[in-house]
Each structure stands twice: as structure tokens, then as C-alpha cells.
Peer 1: 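Provided herewith is a single structure, encoded as C-alpha cells, for subsequent inquiry.
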Amino acid sequence: MTDHQRAAETARVSGARPDSAATHETAAQPVSEQTVEAVVRAQLSKALGGKRGMVEAAIPTLTFTVAYMASQELRLSLVLSVGVAVVLAVIRLIQRTSVQFVVNSLFGIGIAAVFALRSGDAEDFALPGIIYNAVYAAVLTLTVLIRWPAIGLLIGAVTGDPTGWRDNPAVVRLSSRLTWLLVLPCVVRVAVQLPLWAAESYGVANTFAFLGIAKIAMGWPLQVAALAAMVWLLARGRTPMADEAAGTEAAARPRTAE
């Protein structure tokens, strides 16, 4: 029997695992705060679309607001708003860049136009956004209350392990805090825009201009502020979570005989 055969036989008898199995087990790491940070940063970068994406999302709404205030013509204002979005999409196509953010804006304008044309009131252009933010905030809040925060579900979807992140209590807590930061902009939008819409809709006051300004100012700017707070929270919470993870690992490590 050769030395190689003796080594193989010894490994088989002792129950040693092949190198590939050991490597596979080492590669399987639990979800940690580094995983959360990597996933969240990647998703934020994808969601923002840069300065151009933010501008493209705001221009159609700004066009509608200014056009209606100047002309008091609902259909004309809607046509101009949609036309601007289409022009922006064509420019993107010519440049062979992603039209995702323009299409999202165009889709939103389409729904808003349906609401406004159905009622004949220009202020109803803002109503779909108010409803969307109210429902979105309620759903996100529910995920936190039942201890399945939306950010954690996102982490599970990206990492391919839907429930692995729940094994780390620190990750669950961090995911809950990050989800609350997504809820906050939605609540602020509803709290500000709903009274403005109601005042204009019921003839209490002429608040259409304020409603248009609020819709623009509380779009991407407010979202960017919330995402910046998420990045700050990730950086702030990294050290305590790392220390906790190290303590857990040390406690689980078997003690060697002295």
C-alpha cells in the first residue's frame, strides 16, 4: 500500500471530510451586518439612478404644475406632461441608456392622469401618490411589527437564503430600523399632501400650487434624505454588531485543554 493510499484509508476510517466539503462549509457564512450593508448600498445605488434619474422623475410633474397654473387647462397640462416624459425617453433611447426611470415616471403620470380626467379636478393628479404612500407605509409598518421587516426580506432575496438573516438578532434589529427609515418619507408625504389636496378639493383654500411644490420637493429629495440616513445608520451600527458577532463566535468556539 502506497503512502497516498494509507492517507486516504486513514481519512476514511477517521471520518474526515473531503477538502471540497470542508471548503463548501467554510464558504457558507451567516448573514451579518456586512451583508446588510452590501445589499442595502447596492439597492440604493440601483434605486437612485443618479442625478439624471432624479431630474427625469421631477420634470414631468413640474411641467404639469406650471402648465395648469398658467392655462387652467387640465387636458393641455396632462398632454404637455406626458409629452415631456416621452421626449426624455426618446433621448435615452438615442443615447442607448436605460429608460427605467423615465418609464417609471411615465407610468406614474399615466395613473395620475386617469384620476384627474375622471374627476375633472387637477388636484387629483396628486391623489394616486398619496394613496400609494399611505398603503406603502402601512405595509412596511406591518412587516416590522410582525418581526419580518421588509429590508430583511430584501436581504434574503438577494443572498438566496430567505430566512437565514433571522438567525442573527442584530441583523433583525438593524433591518427593522432601516425599514422604519423607508416608512418615514411616506408618512411625511401623506401628512403634508393630503391636507393640501383636501383643502383644494373641497374649496377650503387655493392650495394647488403648494400641492405641486410639495409633490416635487417630497419626491426624490426626501427619498435621498431617507437613504442617506440609512447609510449613516449602517456605518454607526457596524462596530457594535461586529463586536456582538465576535462575542457569539468566541462563545461557540470549543475550549482547548490547557
Side-chain angles (χ1 to χ4, degrees), residues 43 46-50 52-93 97-143 150 154 182-203 206-224 226-227:
Q43 292 300 315
K46 181 179 178 181
L48 284 175
R52 182 174 177 178
M54 299 178 203
V55 171
E56 288 173 341
I59 286 179
T61 300
L62 179 62
T63 301
F64 173 80
T65 303
V66 173
Y68 185 78
M69 290 178 63
S71 66
Q72 296 296 309
E73 291 289 337
L74 176 59
R75 292 183 180 275
L76 174 63
S77 302
L78 289 172
V79 169
L80 291 175
S81 179
V82 172
V84 167
V86 170
V87 169
L88 293 173
V90 170
I91 293 174
R92 282 278 194 175
L93 290 173
T97 56
S98 175
V99 297
Q100 173 189 348
F101 301 100
V102 180
V103 171
N104 290 345
S105 176
L106 193 57
F107 180 74
I109 293 170
I111 296 177
V114 170
F115 274 71
L117 289 173
R118 184 175 182 179
S119 66
D121 297 324
E123 65 271 14
D124 285 351
F125 185 81
L127 194 55
I130 295 172
I131 296 173
Y132 170 82
N133 279 279
V135 173
Y136 194 62
V139 171
L140 290 180
T141 299
L142 179 62
T143 67
L154 172 64
L182 290 180
V183 172
L184 185 58
C186 299
V187 172
V188 172
R189 290 183 188 117
V190 174
V192 173
Q193 295 178 26
L194 183 58
L196 292 174
W197 170 83
E200 177 71 26
S201 183
Y202 292 101
N206 185 9
T207 56
F208 180 80
F210 295 106
L211 181 60
I213 293 171
K215 186 172 175 60
I216 296 169
M218 293 184 172
W220 279 115
L222 191 58
Q223 194 68 24
V224 169
L227 299 181

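Not measured: the values here are computed from a predicted model.
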Peer 1: Distance check, rounded to the nearest 0.5 Å: Ile111 atom CD1 versus Leu127 atom CG?
Peer 2: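 One gets 12.0 Å once the value is rounded to the nearest 0.5 Å.
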Peer 1: Do the side chain of Ser77 and the main chain of Glu73 share a donor and acceptor less than 3.5 angstrom apart?
Peer 2: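 Yes; judged by distance alone, with no hydrogens or angles, the pair exists.
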Peer 1: Nearest heavy-atom pair of Gly129 and Lys215: which atoms, and what distance?
Peer 2: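 Shortest heavy-atom separation between Gly129 and Lys215 comes out as CA-NZ, 4.5 Å.
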Peer 1: Any side-chain to backbone donor/acceptor pair from Arg92 onto Ser98? Under 3.5 Å, distance only.
Peer 2: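 Indeed, once roles are kept as given, a pair shorter than 3.5 Å links the two residues.
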Peer 1: Kindly compute the distance separating CE (Met218) from SG (Cys186), expressed to the nearest 0.5 Å.
Peer 2: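 Met218 CE to Cys186 SG: 12.0 Å, rounded to 0.5 Å.
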Peer 1: Using the side-chain contact (heavy atoms from CB on, under 4.5 Å) definition, which of the options Thr143, Leu140, Val188 pairs with Val183?
Peer 2: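 Result for side-chain contact (heavy atoms from CB on, under 4.5 Å) with Val183: Leu140.
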Peer 1: So, for Ala137 and Val187, which heavy atoms are closest and what is the spacing to 0.1 Å?
Peer 2: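 Closest pair (atom of Ala137, atom of Val187, distance): CB-CG2, 4.1 Å.
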Peer 1: I need the Ile216 CD1 to Thr65 OG1 distance, nearest 0.5 Å.
Peer 2: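 It comes to 4.5 Å.
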Peer 1: Nearest 0.5 angstrom please: Ile109 CD1 to Asn104 CG, how far?
Peer 2: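 Here the interatomic distance stands at 11.0 Å.
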Peer 1: Counting C-beta onward and ignoring hydrogens, is there a side-chain heavy-atom pair between Leu78 and Phe64 closer than 4.5 Å?
Peer 2: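 The answer is yes; the side chains approach within 4.5 Å.
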Peer 1: Can you tell me how far the CG atom of Leu211 sits from the CZ atom of Phe125, to the nearest 0.5 Å?
Peer 2: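 The distance works out to 10.0 Å.
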Peer 1: I'd like a table of donor-acceptor pairs (distance under 3.5 Å, sequence neighbours excluded) in which one partner is a side-chain atom from residues 192-200, with atom names and distances.
Peer 2:
| from | atom 1 | to | atom 2 | distance (Å) |
| --- | --- | --- | --- | --- |
| Trp197 | NE1 | Asp124 | OD1 | 2.8 |
| Glu200 | OE1 | Thr207 | N | 2.8 |
| Glu200 | OE1 | Phe208 | N | 3.1 |

Peer 1: Between Leu74 and Leu117, is any pair of side-chain heavy atoms under 4.5 Å apart?
Peer 2: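 Side chain of Leu74 against side chain of Leu117, heavy atoms only: contact under 4.5 Å found.
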Peer 1: So, taking the atom named CG in Leu106 and the one named CD in Glu56, what distance separates them when rounded to the nearest 0.5 Å?
Peer 2: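 Answer for the CG-CD pair, Leu106 versus Glu56, is 11.5 Å.
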Peer 1: Is any side-chain heavy atom of Arg189 closer than 4.5 Å to one of Leu184?
Peer 2: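 No, too far: nothing below the 4.5 Å cut-off.
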Peer 1: Over all heavy atoms of both residues, which pair between Ala85 and Pro60 is shortest? Give the atoms and the distance, please.
Peer 2: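 Closest approach of Ala85 to Pro60: CB-CG, 4.1 Å.
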